[in-house]
Amino acid sequence: MLDIQSLRRDLAGVAERLASRGFMLDKAEFSRLEIERKLLQTHTQTLQAQRNSSSKQIGAAKARGEDVSAIMAEIAGLGDALTAAETALQALQTELDALLMGIPNLPHESVAVGLSEDDNREISRVGLPRVFDFPVRDHVDLGEKFGLDFETASKIAGARFSLLRGDLARLHRALAQFMLDTHIVNHAYTEVYVPYLVNAESMRGTGQLPKFEDDLFHVPRKDMEKLYLIPTAEVPLTNIVREQIVPREQLPLKFVAHTPCFRSEAGAYGRDTRGMIRQHQFDKVELVQLVEPKDSYATLEALTAHAEAILQALQLPYRKMALCTRDLGFSAAKTYDLEVWLPAQNTYREISSCSNFEAFQTRRMLARFRGENGKPELLHSVNGSGLAVGRTLVAILENHQQADGSVVIPEVLRPYMGGLSALRPATD
RNA sequence: GGAGAGGUGGCAGAGCGGCCGAAUGCGCCUGACUCGAAAUCAGGUAUACGGUAAUCCCGUAUCGUGGGUUCAAAUCCCACCCUCUCCGCCA
C-alpha cells in the first residue's frame, strides 16, 4: 500500500510514476473520494465531540442531582445524525481503502522504464553454458530414468503436479537442506518453520489479497474463516512482524524457511505444460529480511548475492536481470531476477526473484520499529528465493547430464546424498 | 469432540454504566541528590487517523473482534476469534 499522504501531496507525480509501470491511476476518482472523506470525517468527528461533551454534562448534572431534560432535549436528534454520518464515513473509507489497496508499488528511481520484459537489463552473467558433444536431453527425459513420474502424479492429483522417487527425491531434499544450511551458516539467517495455511489478513499484508485471489488455493472451513495455501514462504515469514514494533537493536531480522508453495497458475494454461517448470506445488527456500529503511537497498544487493551463492556452489550458469518498470511485481519497488541456464530450452529461466518492497508491505501490516526519535517507523521488507527447489533440480539434471544419461551430483550436495557422486539410470 | 477458566498499556494487575485512555506496581526516559553508582525523591512514558506542512497544540477512535442496548459502554446483551486447564481422540 502506498502512503496516502504522498497521494495527497503529489497526486500527479505519483500517477506519473505509476504510469511508468503500466498502472493508470484514476486521479479524479481519488480526488473526489478524498474531498468527500475530509468533509465527512470532520463532520462526524464534530458530532462525536458534541455527543461526548453533552454526555459528560449529563453525568455531571446527575451527580449533582440536577434536572437533565434540557441537555437531553438539546441533543435529541444527535444520535441519528451521528449514526448516519458514521455509516457514510465508513462506506467511504471502505471505498477509498479498496482503491488504495489496488494500487501497485512505486518503482525505485534506479529501475529502468520499460514496456515489457524485453526491456529488463542484464546486470551480470556468471558461469559459462556447457558445450555438449551429444544431444542434450531435457529434464523430463532424463528424470524419467531416475524416478520423475508425472503420470502417477496426475492420477493422484491432476495436471501440474509431480512425483519423485528414489535418488531423485533424495536429491530434491538434499537441495533444500543444502540451501537452508548455507543460509543459516554462511549468511546468518534464522531458520523458521511456518504455517502453510494462512488467513486472509496475512495475504493482505504481503499484497496477494485483495487483488490476486485467483492465483491462490484456498481451503473452506465450515463456519470458519477460510484459509489460504501459501504461494510462497514470504507470506508467513513477513507476517511474523505484522502489527509489531520491533526493538531497533533486533534489526535486521533475517528469516529463512523451506516450504512447499501452492499456486493455481490461473492464466497460465498453455505455458510450460511440459515438465516441472510450472507446477501447482513446488518447494522453495525463501529469504526474508526486515530492515531499517536506510539499509533496504544494500540489503537487496546482499540478499541477491546470498541466492547467487547457491547457484555458484551448484555450478549452474546464470544471469542476473534487473526488471524494468513494466515487469515489476505488484508489491515490488525493485527486483532482480536470477535466471538459470537450461540447455534443453537453450535459454535462461527464472529461478529466483529478489525484491525490495520498501514500506509497501509493512504499511499494510503495520510492521514497525522504533526510530531514533523514539517514534514508531515502518520497516522495509526485502525478500527473495534462495532458491526455487524444483527448478534447481531441473537445472542440475540438464546442466550436469552426461553422454551416458547419468547426472553428476555437485560436490556440495554429496554429503547430503550419502556420498553419491552421480545419478545413474537403472541398468536393466 | 466434551467440560471449565480467561483475553485490559512493554510486563504484572485493578476497574460501582458517567469524574476511565484507564488506579497501582514493575520496567523504561528525564531531572534532583552523589566523586560515581545503588537507594531515595520529582516529573514523564500507548497507538492510529484527522485538523495541518509540523516530533507542539486540538479533536476523534481504540480495553481480543464485530454487532446491539443507552444521552453515555473496558463495564450490560449477542455472535465470533484466540489463549489456558481437564477428559477423549490423534501424528
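Labels below follow one simple rule: chain letters A, B, ... track the order of the sequence lines, proteins then strands, and each chain is numbered from 1. Since the structure is predicted, the reported quantities are computational estimates derived from the model, not experimental observations.
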Between A/Gln361 and the options A/His380, A/Arg204, A/Glu234, the side-chain hydrogen bond (donor to acceptor under 3.5 Å, both in side chains) test singles out A/Glu234

Does A/Asn52 put a side-chain nitrogen or oxygen below 4.0 Å from OP1 or OP2 of B/rU60? yes

*For B/rC19, does either OP1 or OP2 sit under 4.0 Å from a side-chain N or O belonging to A/Arg64?*
no

Is the distance from the ring center of A/Tyr189 to that of A/Phe255 below 6.0 Å?
no

Exercise for the section: Please lay out, stage by stage, how A/Asp167 and A/Arg424 fare under the test salt bridge (charged side-chain N to carboxylate O under 4.0 Å, His left out). Expected result: CA-CA 9 Å; A/Asp167 285 342; A/Arg424 294 180 204 289; over 6 Å; no

Assess whether one donor atom and one acceptor atom, taken from the side chain of A/Gln45 and the base of B/rG59, lie less than 3.5 Å apart. yes

What is the ring orientation for A/His306 with A/His187, classed by angle as parallel under 30°, tilted 30 to 60°, or perpendicular over 60°? parallel

In whole angstroms, the gap separating C1' of B/rC81 from CD of A/Glu243 amounts to 14 Å

| query | Distance between the P atoms of B/rG7 and B/rA91, in whole angstroms? | reply | 35 Å

Exercise for the section: May I ask you to verify whether the side chain of A/Lys62 and the base of B/rG18 hold a donor-acceptor pair under 3.5 Å? Expected result: yes

task: Give a yes/no answer on whether the side chain of A/Arg51 brings an N or O atom under 4.0 Å of OP1 or OP2 in B/rA61.
output: yes

The Watson-Crick or G-U wobble partner of B/rC63, with both key distances under 3.5 Å, is none

Any strand, both distances under 3.5 Å, Watson-Crick or G-U wobble: B/rU24 pairs with B/rA12

Are any of A/Arg8's side-chain N or O atoms less than 4.0 Å away from OP1 or OP2 of B/rG50?
yes

With the side chain defined as heavy atoms from C-beta on, A/Lys38 is closest, among B/rA46, B/rG51, B/rG18, to B/rG51

For B/rG88, the nucleotide meeting Watson-Crick or G-U wobble distances (both under 3.5 Å) is none

Answer for the Watson-Crick or wobble partner of B/rA42, both distances under 3.5 Å, is B/rU30

Applying the 3.5 Å cut-off to both distances, the Watson-Crick or G-U partner of B/rG6 turns out to be B/rC82

